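Whatever order the structure lists ligands and atoms in, that order sets their numbers, starting from 1. This structure is a prediction, so every number in the text was calculated from the model and none was measured.
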Amino acid sequence: MKKARIAVLVSGGGTNLQALIDAEKNGKIPSGTLSVVIASKPGVYALERADQAGIPALAVSRKASGSQAAFEQQLLDILESYRIDMIVLAGFLSILSKDFTDRYPQRIINIHPSLIPAFCGAGYYGLKVHEAALSYGVKVTGATVHYVNEVPDGGQILLQKAVEILPGDTPQVLQRRVMEQAEWILLPQAAEMVAAKIIGKEEHA
Ligand code: GAR
């Protein structure tokens, strides 16, 4: 059976990448295969996780590329050489232009650590999202997987899961709870949904 070839784009520790690697190993992504991991800078731990899983791992630096266009061209060249069908942004913090996202309509997904449309858009990433949720005083937050278009965190929502905020939460404690209770579950599910759609199966088997 043909599988959708998946690229995972990362910028940091790669716990969401690890969730994808574990899910694939446990048969939870039957319609897709993790085919390459691309980091937005060298030296990030996510690259080591890819290595350990035997997935080709590369770094492309926005700074070293000189321009957004050159950076995206490098990404496109890699995606083409690995014959990639779909892209998962798993903590990838570089912005992608409309030129780029238009090339993969409904084939790029992103995980965001809040219930969109709360605490999202330009400037909301990583711990900043949880700091904002705590300082606003919301009692429930969560995670969202959405399709990626040119609007930061603005594409169609695929999956969401709510997570409780508890008294005394710090941004770090809340981040970990949102990862454990929502992100690491939703992202592999959404990857399978999109991969299944690409290879022409029903979205929910
Ligand atoms: C995750 O919490 C992810 O949702 C968030 O960055 C973290 C990456 O962690 N992404 C964003 O904030 C995107 N706007 P990881 O490298 O351990 O997966």
*Where does the angle between the aromatic ring planes of F92 and F71 fall among parallel (under 30°), tilted (30 to 60°) and perpendicular (over 60°)?*
parallel
*asked:* Nearest 0.5 Å, please: how far is CE in M86 from CD1 in I109?
replied: 4.5 Å
Would you mind listing each N/O atom of ligand 1 next to any protein N/O under 3.5 Å, plus the distance?
from	atom 1	to	atom 2	distance (Å)
ligand 1	2 (O)	E183	OE1	3.0
ligand 1	2 (O)	E183	OE2	3.1
ligand 1	4 (O)	E183	OE1	2.7
ligand 1	12 (O)	G126	N	2.8
ligand 1	14 (N)	H112	ND1	3.3
ligand 1	16 (O)	G13	N	3.4
ligand 1	16 (O)	G14	N	2.8
ligand 1	17 (O)	G14	N	3.4
ligand 1	17 (O)	T15	N	2.8
ligand 1	17 (O)	T15	OG1	2.7
ligand 1	18 (O)	T15	N	3.3
ligand 1	18 (O)	N16	N	3.0
ligand 1	18 (O)	N16	ND2	3.0

_Test item: side-chain donor near acceptor, E164 and Q181, under 3.5 Å_ = no
*Among all residues two or more places apart in sequence or in another chain, which pass the salt bridge (Lys or Arg N to Asp or Glu O under 4.0 Å) test with D153?*
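Salt bridge (Lys or Arg N to Asp or Glu O under 4.0 Å) check on D153 returns nothing, list empty.
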*side chain to side chain contact (heavy atoms under 4.5 Å, CB included) partner of I165, the single match among L134, V140, V178, V173*: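 Single pass found, and it is L134.
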*side-chain contact (heavy atoms from CB on, under 4.5 Å) between I111 and T144, worked out*: CA-CA 6 Å; I111 180 98; T144 304; over 6 Å; no
